[in-house]
Amino acid sequence: MNGRVLVTGASGFIGKPLVLALVDQGWTVVAASRTRPDRDPGVADWIETDLLTDDPRRLTEAARAEVLIHVAWIATPGVYGHSLENLDWLRASAALSA
């Protein structure tokens, strides 16, 4: 299967290899994150956005994707497990699926 997929958290630990794997499988990838990775391989269309402050509807409309893979979240070692920011990410995640 292939088509157009939106990947949030695309510059992160999981997102970077995921974007490359999807492109290798024939997907057209729209990669979303706060910043592009330092070494952008140039395989995806990038949208720089902050899911905690920007309107997620604008992201999904701009991406025009049939599939969403949402891997953006707080991942700071030693912090993410108990951070109150998890509540903000939960709200942002719910808004993406609306």
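Side chains are part of it too, since the values below use all heavy atoms of this structure and drop only hydrogens, waters and symmetry mates.
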Do you know which two heavy atoms are closest between Ala72 and Gly9, and how far apart they sit? CB-N, 3.5 Å
Sub-4.5 Å side-chain heavy-atom contact between Leu6 and Thr60: yes
Start with the C-alpha distance between Asp55 and Arg58, add both sets of side-chain angles, then the distance that settles salt bridge (charged side-chain N to carboxylate O under 4.0 Å, His left out), and finish with yes or no. CA-CA 6 Å; Asp55 183 352; Arg58 291 182 63 205; over 6 Å; no
Identify whether Ile14 and Val67 are in the same connected component of the hydrophobic contact network (ILVMFWY, side-chain heavy atoms under 4.5 Å). yes
Rounded distance [0.5 Å steps], CG in Asn86 versus CG in Leu90: 8.5 Å
Going from CD1 on Ile74 to OH on Tyr80, what distance comes out if it is rounded to the nearest 0.5 angstrom? 10.5 Å
Trp73 vs Thr8 side-chain heavy atoms within contact, under 4.5 Å: no
Is any side-chain heavy atom of Glu85 less than 4.5 Å from a side-chain heavy atom of Val79? no
Minimum side-chain heavy-atom gap Trp46-Ser33 below 4.5 Å: yes
Do Asp54 and Leu59 touch side chain to side chain, with heavy atoms closer than 4.5 Å? no
Does one hydrophobic cluster hold both Val30 and Leu68, with members joined at side-chain heavy-atom distances below 4.5 Å? yes
Hydrophobic clusters here meaning ILVMFWY residues chained together by side-chain heavy-atom distances under 4.5 Å, can you tell me if Val43 and Val71 are in one? yes
Checking Val5, Ile69, Val29, Val23 against Leu18 for side-chain contact (heavy atoms from CB on, under 4.5 Å), the one that qualifies is Ile69
Given the rule that I, L, V, M, F, W and Y join up when any side-chain heavy atoms are under 4.5 Å apart, are Val7 and Leu52 in one cluster? no
Which atom of Ile47 lies closest to which atom of Ala62, heavy atoms considered: CD1-CB, 3.9 Å
Return the minimal non-hydrogen interatomic distance between Arg36 and Ser11, and the atom names on each side. C-CB, 4.3 Å
Please determine whether the number of non-hydrogen atoms from other residues, nucleotides or ligands lying under 6.0 Å from atom CG of Leu87 exceeds 12. yes
One should read off an interatomic distance between Thr35 OG1 and Glu48 CD, to the nearest 0.5 angstrom, of 6.5 Å
If you count every heavy atom of other residues, nucleotides or ligands that lies below 6.0 Å from Arg34 atom CZ, does the total exceed 12? no
Arg4 side chain reached by Asp45 side chain, heavy atoms, under 4.5 Å: yes
Within-4.5 Å side-chain heavy-atom neighbours: Leu51 and His70: yes
